[in-house]
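Residues: numbered from 1 along the sequence shown.
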Amino acid sequence: MAHIERRVRAGTVTYRARYRDPAGRERSKTFARKVDADRFVVEVEHAKSRGAWVDPTLGRITFAAWLEQWWATTTNLRESTQARDEASLRVHAAPRFGRTPLAAIRQLEVRAWVADLTGQGLKPATVVKAYQLFGKVMAAAVDAGILAQSPCRRVPLPKVEQDEKRFLTPAEIARLASIIEPRFRALVLVGAYGGLRIGELAGLRRARIDPDRGTVTILEIATDVGGRLVAGPPKTRAARRTVSLPAPVAEELERHLATYAQPEPDGLVFPGAKGAALRATNFRRRTWRAAVGAAEVDGLRVHDLRHTAVALWIAAGASPKEVARRAGHTSVKTVLDVYGHLYDEADVALRERPEAMFVPVGATPPTDSCDPVRPKRG
């Protein structure tokens, strides 16, 4: 059982709290006030009874050292995701907490860190992502028995507002497709009408094209990670999908296959300018920026082709569930969160169409089956 010893040395009184840890080893901690020692032994015994006691010496490990251990045991991330997360922690969290022992990181310091990132003018989404990653690392320290609780608790975060999405009109799509290098014309059209991500376009294989049905099937992606091209399956099951294309786009894709795609059955549909795999970074710098400038759609990102496709599907009457399936989203909620305002506009258009068909009451005798004309009695 824990107990407290009163000690006097050189005229100074201290109080040493002695207790045994769950493994039976005797431990102690010295305090200047008896009230603090009393509080400590109560907390220790309570933590032991709940199975929540942690070895205080483990919390001496610095955040940087723990982060290195955590990365070494993290195996469920894609290379591109890990590279992005490593960069965020290295740039935003490590400078502030790298040399600090885990047990010394308090909730108030985390609040101050978040406030400082916000004050630097970082985008709210960047701040929130940095905090989430930091919280993930600290939660792992709790799971590992290094900390009793995470300091990432009830920390106020900046509000993330959805950026206004950029959409092209069909006329702007046609203008961009006609201006960009001919070998990338089909890429623009498939992106703008099929909703493929740039990684899905870069990883698309010839065998995934069905000319008879006018469809493309997404089963591979290719991403640029730290200057290396990494190929693999899509991130989620929902992203593995088949998308149908409008007939003119499917025809343009057939012409592209005959001219620019790699000839092997598993050859890339959209190789780079020199015939090798398409690297998104090089494509944006060498081809895309000049084309969007010439097409007078400055600032357009390659990913905005995907937003354009979704806008066109909604305008054509696609339901949120249909959009989610075609876009490869795992949840209809994502569609409504990002594109909900487009459904508001589509609802107005849907209302206006029946209004145009409306016949005022009394303008003509009812003749439909819902209100049949009653025969006159003789």
Got a list of side-chain donor-acceptor pairs under 3.5 Å for residues 3-14, not counting sequence neighbours?
unit_1	atom_1	unit_2	atom_2	d
Glu5	OE1	Arg16	NE	3.3
Glu5	OE1	Arg16	NH2	2.9

Does one hydrophobic cluster hold both [X] and [Y], with members joined at side-chain heavy-atom distances below 4.5 Å?
X      : Y      : value
Leu204 : Leu219 : no
Val243 : Tyr339 : no
Ile221 : Leu201 : no
Ile218 : Leu268 : no
Ile105 : Leu58  : yes

Are [X] and [Y] side-chain neighbours, meaning at least one heavy-atom pair lies under 4.5 Å?
X      : Y      : result
Asp210 : Thr217 : no
Phe167 : Asp304 : no
Asp21  : Asp55  : no
Lys165 : Leu342 : no
Trp313 : Val310 : yes
Pro158 : Leu122 : no
Val269 : Leu253 : yes

Shortest non-hydrogen contact from [X] to [Y]?
X      : Y      : answer
Ala222 : Ala202 : O-CB, 3.9 Å
Ala261 : Arg206 : CB-NH2, 3.6 Å
Phe63  : Phe97  : CB-O, 3.1 Å
Tyr19  : Ala2   : CB-CB, 3.8 Å
Ala141 : Leu102 : CB-CD1, 3.9 Å
Ala250 : Gly214 : CB-CA, 4.1 Å

Interatomic distance, [X] atom [atom1] to [Y] atom [atom2] [nearest 0.5 angstrom]:
X      : Y      : atom1 : atom2 : answer
Leu157 : Thr118 : CG    : OG1   : 8.0 Å
Cys152 : Lys136 : SG    : NZ    : 13.0 Å
Ile61  : Ile146 : CD1   : CD1   : 5.5 Å
Met138 : Gln107 : CE    : CD    : 12.0 Å
Arg33  : Asp38  : CZ    : CG    : 10.5 Å
Trp66  : Gln69  : CH2   : CD    : 6.0 Å

Problem set entry | Short side-chain to backbone donor-acceptor contact, Gln149 and Val142, under 3.5 Å |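 No, because the side chain of Gln149 does not come within donor-acceptor range (under 3.5 Å) of the backbone of Val142.
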Exercise. Please walk me through it: do Arg27 and Thr57 pass side-chain contact (heavy atoms from CB on, under 4.5 Å)?
Worked result: CA-CA 11 Å; Arg27 296 175 180 268; Thr57 62; 4.2 Å; yes
Exercise. Should the ring pair Trp288 and Phe283 be called parallel, tilted or perpendicular, given that the plane angle runs from 0 to 90° and is split at 30 and 60?
Worked result: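 If you compare the ring of Trp288 with that of Phe283, the planes turn out tilted.
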Exercise. What class does the angle between the rings of Tyr131 and Trp113 fall in, given that below 30° is parallel, 30 to 60° is tilted and above 60° is perpendicular?
Worked result: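 Rings of Tyr131 and Trp113: tilted, 30 to 60°.
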Scan the side chains in residues 321-338 for donor-acceptor partners under 3.5 Å anywhere in the protein, sequence neighbours excluded, and list what turns up.
unit_1	atom_1	unit_2	atom_2	d
Glu322	OE1	Ser319	N	2.7
Glu322	OE1	Ser319	OG	3.3
Arg326	NH1	Ser244	OG	3.1
Arg326	NH2	Ser244	O	2.9
Ser331	OG	Lys333	N	2.9
Lys333	NZ	Asp337	OD2	2.7

For this session: Keeping to residues at least two apart or across chains, list the ring-ring contact (aromatic ring centres under 6.0 Å, His included) pairs with something in residues 230-277.
Result: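 For residues 230-277, and leaving out neighbouring residues, the ring-ring contact (aromatic ring centres under 6.0 Å, His included) pairs sorted by first residue read His256-Tyr260, His256-Phe270.
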Exercise. How would you list, by chain and number, every residue that makes a ring pair (Phe, Tyr, Trp, His ring centres under 6.0 Å) with His303, sequence neighbours excluded?
Worked result: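 Residues passing ring pair (Phe, Tyr, Trp, His ring centres under 6.0 Å) with His303: His307.
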Identify, with sequence neighbours excluded, every residue that meets side chain to side chain contact (heavy atoms under 4.5 Å, CB included) alongside [X].
X      : value
Pro263 : none
Val54  : Ala148
Ala207 : none
Glu161 : Lys159

For this session: Give a yes or no on whether Lys48 atom NZ has more than 12 heavy-atom contacts from other residues, nucleotides or ligands under 6.0 Å away.
Result: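 Count over threshold, so yes.
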Problem set entry | Residues clustering with Val225 (ILVMFWY side chains joined when closer than 4.5 Å, directly or via others) |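 Its cluster partners, ordered by chain and number, are Val230.
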Exercise. Which one of Leu67, Thr75, Thr73 satisfies the side-chain contact (heavy atoms from CB on, under 4.5 Å) criterion with Trp71?
Worked result: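 Result: among Leu67, Thr75, Thr73, Leu67 is the only option passing the side-chain contact (heavy atoms from CB on, under 4.5 Å) with Trp71.
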Output a table of donor-acceptor pairs, distance under 3.5 Å, between side-chain atoms of residues 188-200 and any protein atom two or more places apart or on a different chain; print 'none' if there are none.
unit_1	atom_1	unit_2	atom_2	d
Arg197	NH1	Glu200	OE2	2.6
Glu200	OE1	Arg197	N	2.9
Glu200	OE1	Arg241	NH2	2.9
Glu200	OE2	Arg241	NH1	3.0

Per-pair distances, 0.1 Å, donor-acceptor, side chain in residues 77-93, under 3.5 Å, sequence neighbours excluded:
unit_1	atom_1	unit_2	atom_2	d
Arg78	NH1	Pro233	O	2.8
Arg78	NH2	Pro233	O	2.8
Glu79	OE1	Arg228	NH2	2.4
Gln82	NE2	Glu86	OE2	3.2

Exercise. Does Arg18 pair with Glu26 as a salt bridge, N-O distance under 4.0 Å?
Worked result: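 Answer for the salt bridge query: yes.
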For this session: Scan residues 242-252 for pairs that pass salt bridge (charged side-chain N to carboxylate O under 4.0 Å, His left out), counting only residues two or more places apart or in two chains.
Result: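 Pairs touching residues 242-252 that pass the test: Glu252-Arg255.
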For this session: Tell me, with the steps shown, if Leu117 and Gln120 meet side-chain contact (heavy atoms from CB on, under 4.5 Å).
Result: CA-CA 5 Å; Leu117 293 179; Gln120 293 175 25; 4.1 Å; yes
